[in-house]
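Some notes on the structure that comes next.
Here the structure is a predicted model, which is why all the values come from computation and not from measurement.
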Amino acid sequence: MGLLDVILGRSKPVRPDLDQLFAVPSAALTLQAAAGFTPTGLGSVCFAGVEGGGFARLQEDVRELLDADTERGGVPVEFSRDAYGYTWLLARHPADDSAALVNDLHAVNTLLQDGGFGPHLLCSLIGFRDPEGRALALVYLYKRGTFYPFAPLPGDAEKRDNQLELQVRGVLGDDLRVEKDLSRWFPVWGAPGL
């Protein structure tokens, strides 16, 4: 960072640290012990869609990599597009195998990043539920290298359980790099895997 950046108040962007995703399985144990939330086995990666043959080939490479175990009973990945035009990849694993799920999400992020599409990556999320059926996601912000909890309230209204989100922040503060800026805790309404 140069002197001009300091004077103008610009900061150096945080470099993504995809290895932070590997902390999720141990954080899941903490979350289960402290708040009763267990993994659902669902996780997804969100990225801004890109037109062109290079991106289409990369998307097929991702599908081939993650669908390699379908002959042994694995579930194929699903691609979808949300109302805002973002592309979501949904991966499914047994609920008790969050390590395999995280490996898949890490592989997708890495392939996109190494393929030159890192700036299009937005977030990854891992889904959780508690015995009461409440949903929770741990959302990894690619560009910030941090996590935040997202807890939608049940029902059709797009409302969040802010109290639960803050509780989860406190519970996981030692396990994950939690995003400190609450204004970056973006809602991911209707995200696959939630």
Side-chain angles (χ1 to χ4, degrees), residues 16-47 66 69 74-80 82 86-109 121-194:
D17 182 5
L18 292 175
D19 289 345
Q20 291 295 315
L21 288 167
F22 293 124
V24 169
S26 65
L29 295 174
T30 302
L31 190 57
Q32 183 174 1
F37 281 87
T38 56
T40 61
L42 302 175
S44 55
V45 176
C46 180
F47 48 92
L66 297 185
D69 68 344
V75 180
V77 297
E78 299 171 22
F79 284 93
S80 62
D82 67 17
Y86 295 113
T87 301
W88 290 85
L89 174 141
L90 174 65
R92 299 172 191 269
H93 282 275
D96 62 349
D97 197 359
S98 58
L101 177 63
V102 166
N103 284 339
D104 280 359
L105 299 179
H106 186 275
V108 172
N109 280 280
L121 279 165
L122 300 175
C123 68
S124 298
L125 69 84
I126 298 95
F128 292 83
R129 291 235 185 264
D130 74 354
E132 299 168 21
R134 293 184 300 173
L136 174 73
L138 291 180
V139 181
Y140 175 75
L141 292 171
Y142 173 80
K143 291 177 174 87
R144 304 277 296 172
T146 57
F147 290 88
Y148 68 90
F150 174 68
L153 287 170
D156 294 335
E158 292 183 344
K159 294 186 179 180
R160 301 166 74 162
D161 188 341
N162 299 109
Q163 182 177 353
L164 176 59
E165 291 175 356
L166 294 174
Q167 175 190 357
V168 169
R169 175 182 69 175
V171 166
L172 296 179
D174 292 335
D175 292 277
L176 298 175
R177 188 182 300 162
V178 178
E179 176 59 48
K180 292 178 179 156
D181 183 354
L182 298 182
S183 69
R184 295 191 181 270
W185 290 22
F186 304 110
V188 286
W189 305 117
L194 187 63

Check your understanding: Would you say Asp174 has more than 12 foreign heavy atoms packed within less than 6.0 Å of its CG?
Key -> no

Point to revise | Straight-line distance of Asp104 CG to Ser124 OG, nearest 0.5 Å | key: 11.5 Å

**Study point:** Side-chain heavy atoms of Ser98 within contact of Ile126, under 4.5 Å
**Key:** no

Check your understanding: Closest approach of Ser26 and Asp175, non-hydrogen atoms and distance?
Key -> O-OD1, 4.2 Å

Point to revise | CG on Leu21 to CG on Leu101, rounded to 0.5 Å | key: 9.5 Å

Check your understanding: side-chain contact (heavy atoms from CB on, under 4.5 Å) with Tyr142: which of Val45, Leu122, Asn109?
Key -> Asn109

**Study point:** Rounded distance [0.5 Å steps], CG in Leu153 versus CD in Glu158
**Key:** 11.5 Å

Review point. Should Arg177 and Tyr140 count as side-chain neighbours, where that means a heavy-atom distance under 4.5 Å?
Key: no

Exercise for review: Check the pair Leu121 / Lys143 against side chain to side chain contact (heavy atoms under 4.5 Å, CB included), numbers first and verdict last.
Suggested key: CA-CA 8 Å; Leu121 279 165; Lys143 291 177 174 87; 5.7 Å; no

Point to revise | Euclidean distance, Trp189 CH2 relative to Asp82 CG, rounded to 0.5 Å | key: 14.0 Å

Review point. CZ/Phe47 to CZ/Phe79 distance, rounded to the nearest 0.5 angstrom?
Key: 5.0 Å

**Study point:** Main-chain N/O of Gly127 paired to Thr40 side chain as donor or acceptor, under 3.5 Å
**Key:** yes

Review point. For the residue pair Ala95 and Pro39, what are the closest heavy atoms and their distance?
Key: CB-O, 3.4 Å

Point to revise | Chi angles and distances behind the side chain to side chain contact (heavy atoms under 4.5 Å, CB included) call for Cys123, Trp88 | key: CA-CA 10 Å; Cys123 68; Trp88 290 85; 4.1 Å; yes

Review point. Do side-chain atoms of Glu165 reach the backbone of Ala151 as a donor and acceptor pair under 3.5 angstrom?
Key: yes

Check your understanding: Closest approach of Arg160 and Pro149, non-hydrogen atoms and distance?
Key -> NH2-O, 4.2 Å

Exercise for review: Of all the heavy-atom pairs spanning Pro25 and Phe22, show the shortest one and how long it is.
Suggested key: CD-O, 3.4 Å

Practice item. Kindly say whether Gly193 contributes a backbone atom to a donor-acceptor pair with the side chain of Ser44 at under 3.5 angstrom? Key: no

Check your understanding: Do the rings of Tyr148 and Trp185 sit parallel, tilted or perpendicular, given the 30° and 60° boundaries?
Key -> parallel

Let me have the donor-acceptor pairs involving side chains of residues 128-137, under 3.5 Å, with sequence neighbours excluded, atom names and distances please.
residue	atom	partner	partner atom	Å
Asp130	OD1	Glu132	N	3.0
Asp130	OD1	Gly133	N	3.0
Asp130	OD1	Arg134	N	2.8
Asp130	OD2	Arg134	NE	2.7
Asp130	OD2	Arg134	NH2	2.8

Review point. Taking all atoms of both residues into account, what is the closest heavy-atom pair of Leu176 and Leu138, and its distance?
Key: CD1-CD1, 3.9 Å

Point to revise | Contact check, side chains of Pro152 and Leu194, non-hydrogen atoms, under 4.5 Å | key: yes

Review point. How many angstroms lie between CZ in Phe150 and CG in Leu164, if you round to the nearest 0.5 Å?
Key: 11.0 Å

